[in-house]
Enquirer: 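Structure provided below as structure tokens; questions to follow.
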There are 2 protein chains.
Amino acid sequence: MSLRQSMRCCRPAAQALKARRVPPSARAYSTSGAGGGPSSSASSNRALYSSLAVGGFVAGFVVSMGSGFFNRPSAAARCDGVPNVDFIETNGRTWEPVHALEKDDPKNPMRIRMAAWVSNLQEHICKSLEELETAAPPDGEHAPATFLRDHWIRPSGGEGSSCVLAGGRVFEKAGVNVSIVEGKLPKGAQLQMKADHDSIEVSDEPLPYFATGLSIVIHPRSPHAPTVHLNYRYFELCDKKGNPIAWWFGGGTDLTPNYLYPEDAVLFHDTLKTACDQHDEAYYPAYKEWCDKYFAIPHRGETRGIGGIFFDDLTTSSAIHAARAPSRDQIFDFVKSASSAFLPAYIPIVAKRMRQPYTEEERRWQLVRRGRYVEFNLLYDRGTKFGLNIPGARVESILMSLPEVARWEYMTPLGREGSGTREEELQNVLKNPREWASDITGDKKK
Amino acid sequence: MSLRQSMRCCRPAAQALKARRVPPSARAYSTSGAGGGPSSSASSNRALYSSLAVGGFVAGFVVSMGSGFFNRPSAAARCDGVPNVDFIETNGRTWEPVHALEKDDPKNPMRIRMAAWVSNLQEHICKSLEELETAAPPDGEHAPATFLRDHWIRPSGGEGSSCVLAGGRVFEKAGVNVSIVEGKLPKGAQLQMKADHDSIEVSDEPLPYFATGLSIVIHPRSPHAPTVHLNYRYFELCDKKGNPIAWWFGGGTDLTPNYLYPEDAVLFHDTLKTACDQHDEAYYPAYKEWCDKYFAIPHRGETRGIGGIFFDDLTTSSAIHAARAPSRDQIFDFVKSASSAFLPAYIPIVAKRMRQPYTEEERRWQLVRRGRYVEFNLLYDRGTKFGLNIPGARVESILMSLPEVARWEYMTPLGREGSGTREEELQNVLKNPREWASDITGDKKK
């Protein structure tokens, strides 16, 4: 099966059913134990049938049985019990369809394994968001939306799949994008990369590279539900003969609320920290700090949101590993955990906040904050700039991250210093990033 | 009177009245003759009193008596007769208040003269836009808006005046900004400037510079009324002792419609061309081309709008002057004509289009086009990038150019190739810039 085939979005039910037969070893690094949540095969089956009944499709959901969970924010990779929606326990491999597991055979090249991983995670995330659209209470204006799925091929080497949902009941705009790109890297770019990767022997000729990644930005409709971003990628540089001479992973996830709900920030960070800590306790503190630094808007003197994790150039010899020197498979396992933690870190928050009523002024503030999001993406985000500079790049996929609507007010009175408003409360956190993980702050709220 | 005083926005009526006593010599390069419009002192007086009656303030308006002008688009520097509004004949000095003329004494340093020019033009333009707000028919939603006038001082050397109007009946957002800045230019920047200015002797020490300019962006509410941008600036570099070693002017004006009205594009370009041709017939064709190149959005393969003029580094020895070597006063006169041509090039268009009804879909297209405007300003505009990189820069003034609301749709169906829509008609012009000046195209529509 080609990579392109592996990205198709509507698998036959029979194949999806097979996906349930996950070998026990694949669950080895699930974090469900951290919160003590039920993740048994009995509950898995209930989730499966419930999914079939509700959504008409299955992606191998595992129920988390979390009714009454709203009052118990938790660091565990579990989701809350929104009526009629079964959430997944994603912080492991249990939802993985069988063909993805085949692709993930350690005998396969990492480029195949990572491309299969992000393609399947893309589909899984799209379906989870669509479930939430269906489950949301009617607002008299918006019908539940589904993703528009666009597959594309770049003649000069590359393909991808852009899934975009717009005008939904819960989500104003959501983009979930996979790309798998091959190309040639000129000497200048090789030199830049050598700074972080000793193994690169710089060549006067352009060298072949391979890159694959998943990129997500979700802008909910409610000002109380935060925007979220995710990106995980794998990069490989080869010598003239096509033999890999360097590889690394990069990525992260960060949350951009319009109103501060400390319990949401704690859940988000706790979930990411749990995923990181399974693999290396050095990861979370370093990557949380990196995230605050990267997602900064210098001209505003503020961060884009309340952070998350961000890392790049992660390979066996990275300084953070000191003498530990994990294998590529071990680092890939970390990337899987971190990317799998996305849904349990985010969905419980949006599921709770989407029901909260909001005022016109709160909506206005949301649009002003989205203006700041646009400022970051167009002025500072290296990914956006890099993408737009590639000849033949797919602009629609790159700029998918921009919100549907953004607003700029000259000297906006919203959030002004000394106003004592909830808008100012957010501004204060953006100007002074905080620690959120509960085992760092001692703020165990379970 | 200090520069700061000269920028205050509400002069006493007595002083404004004095402004009418313009010496005949000051009208020497008015272009009113081109269209044969009345610009006599009798009509000037009528304008003055009419202004007093309507707006309660005067800036020395000269009426152009252009009733019935809608059907006669003209290259002349005249405006159409919107009921109850007296427009100015701006393509000369006749509206200039007396203290500006004092400042414009050739014995004064150019930095004083240019700062006075842009400060007074700022005020004049703000008042003209406010007049249009008052004259516009009620829409049942928006009251006529006035400018919020903010004066600011940069502790490290600089001052300015930001005038912003938001939420108006005609104008959704308009920013009219003057800045007068002194600072030190490091060696690297000196080297860059030397490429265009031979006279610069590069110094290891930072050298003092002076810059002043007027910067305008106007986003009307109606999708049929185009966005417009103007910027004119004067730059002076000094040696260590503070003696000027190089000076130049730069600037331009460009129009960004959402729907193509060829007659508007012709009026806009004709008015600018007339202003240019008075000084040097080489200017318009070169600066029209420069404008199309500068206001380009490479990743979209389109220009920002239908162009106008743009130039930089204009000094006596500039290549465009060949052996002509105009004096600094002569180049300043050109900058005055070009900047004075702004209102007669733009106001007749917005005054006509603001009355046109529009649909929700037309509004949506306008917001999508505003998204492209944001893309240009944040990704490519050198002024924006330069401004945001200056420590202590006034961010609110720099980002005043962004529209109140912008929209991004993934793969928008609006304007799609082959749709045969008015949106596509605009897209075609943005992808293939045209000549608009009627004496170039032979399209004399008078």
Side-chain angles (χ1 to χ4, degrees), chain A residues 147-150 152 162-167 172-177 217 219 297-302 364 367-368 370-381 384-413, chain B residues 147-150 152 162-167 172-177 217 219 297-302 364 367-368 370-381 384-413:
Chain A
F147 275 91
L148 174 75
R149 287 147 159 107
D150 255 349
W152 50 269
S162 294
C163 299
V164 179
L165 178 153
E172 196 168 358
K173 190 169 172 191
V176 184
N177 195 23
V217 176
H219 298 287
I297 310 178
H299 66 271
R300 298 283 186 184
E302 59 191 44
R364 183 178 143 205
L367 298 186
V368 167
R370 287 197 175 155
R372 306 288 167 94
Y373 207 88
V374 172
E375 288 174 29
F376 176 82
N377 282 26
L378 297 183
L379 282 166
Y380 303 111
D381 187 54
T384 304
K385 281 173 189 291
F386 177 80
L388 293 179
N389 281 330
I390 294 176
R394 192 166 191 272
V395 173
E396 291 292 337
S397 296
I398 296 165
L399 296 183
M400 209 170 70
S401 63
L402 301 177
E404 186 163 275
V405 185
R407 185 176 174 86
W408 284 271
E409 300 183 4
Y410 175 74
M411 303 284 279
T412 183
Chain B
F147 275 90
L148 174 74
R149 286 148 159 106
D150 254 349
W152 50 268
S162 294
C163 299
V164 179
L165 178 153
E172 195 167 356
K173 190 169 171 192
V176 184
N177 195 23
V217 176
H219 298 287
I297 310 179
H299 66 270
R300 299 282 187 184
E302 58 191 43
R364 182 178 144 204
L367 298 186
V368 168
R370 288 199 173 151
R372 305 288 167 94
Y373 207 89
V374 172
E375 287 174 28
F376 175 83
N377 282 26
L378 297 183
L379 282 167
Y380 303 112
D381 188 55
T384 303
K385 281 173 188 294
F386 177 81
L388 293 179
N389 281 330
I390 294 177
R394 192 167 191 271
V395 173
E396 291 291 336
S397 296
I398 297 165
L399 296 183
M400 210 169 70
S401 63
L402 300 177
E404 186 164 276
V405 185
R407 184 176 175 87
W408 284 270
E409 299 183 4
Y410 175 74
M411 303 285 280
T412 183

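Lettering of chains follows the sequences in order, A, B, ..., and the numbering in each one begins at 1. No hydrogens, no waters, no symmetry mates; every other heavy atom, side chains included, goes into these values.
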Enquirer: Quick check on the interface: out of R370(B), K173(B), K385(B), who has the most heavy-atom pairs with chain A under 4.5 Å?
Expert: K173(B)
Enquirer: Looking only at heavy atoms, which two atoms of W408(B) and G371(B) are closest? And how far apart?
Expert: CZ2-O, 3.4 Å
Enquirer: Please classify the contact between V164(B) and chain A as side chain, backbone, both or neither, with a heavy-atom cut-off of under 4.5 Å.
Expert: side chain
Enquirer: Side chain, backbone, both or neither: which part of L148(A) has an atom under 4.5 Å from a heavy atom of chain B?
Expert: side chain
Enquirer: Could you work out, with salt bridge (Lys or Arg N to Asp or Glu O under 4.0 Å) as the rule, every residue matching E409(A), not counting sequence neighbours?
Expert: R364(A), R407(A)
Enquirer: Distance check, rounded to the nearest 0.5 Å: T384(A) atom OG1 versus L379(B) atom CG?
Expert: 8.0 Å
Enquirer: Where does V368(A) contact chain B at under 4.5 Å (heavy atoms): side chain, backbone, both or neither?
Expert: neither
Enquirer: Less than 4.5 Å to any heavy atom of chain A: does that hold for the side chain of V395(B), its backbone, both, or neither?
Expert: side chain
Enquirer: So how far is it from H219(B) NE2 to L165(B) CG, rounded to the nearest 0.5 Å?
Expert: 12.5 Å
Enquirer: Restricting to non-hydrogen atoms, name the atom on S397(B) and the atom on Y410(A) that form the minimum distance, rounded to 0.1 Å.
Expert: N-CE1, 4.4 Å
Enquirer: Please look at A406(B) and chain A and tell me whether the side chain, the backbone, both or neither of the residue comes under 4.5 angstrom of a heavy atom of that chain.
Expert: both
Enquirer: Taking every heavy-atom pair that is under 4.5 Å apart, which of L399(A), T412(A), L367(A) has the most such pairs with chain B?
Expert: L399(A)
Enquirer: Could you tell me whether E396(A) and R300(B) have a side-chain N and a carboxylate O separated by less than 4.0 Å?
Expert: yes
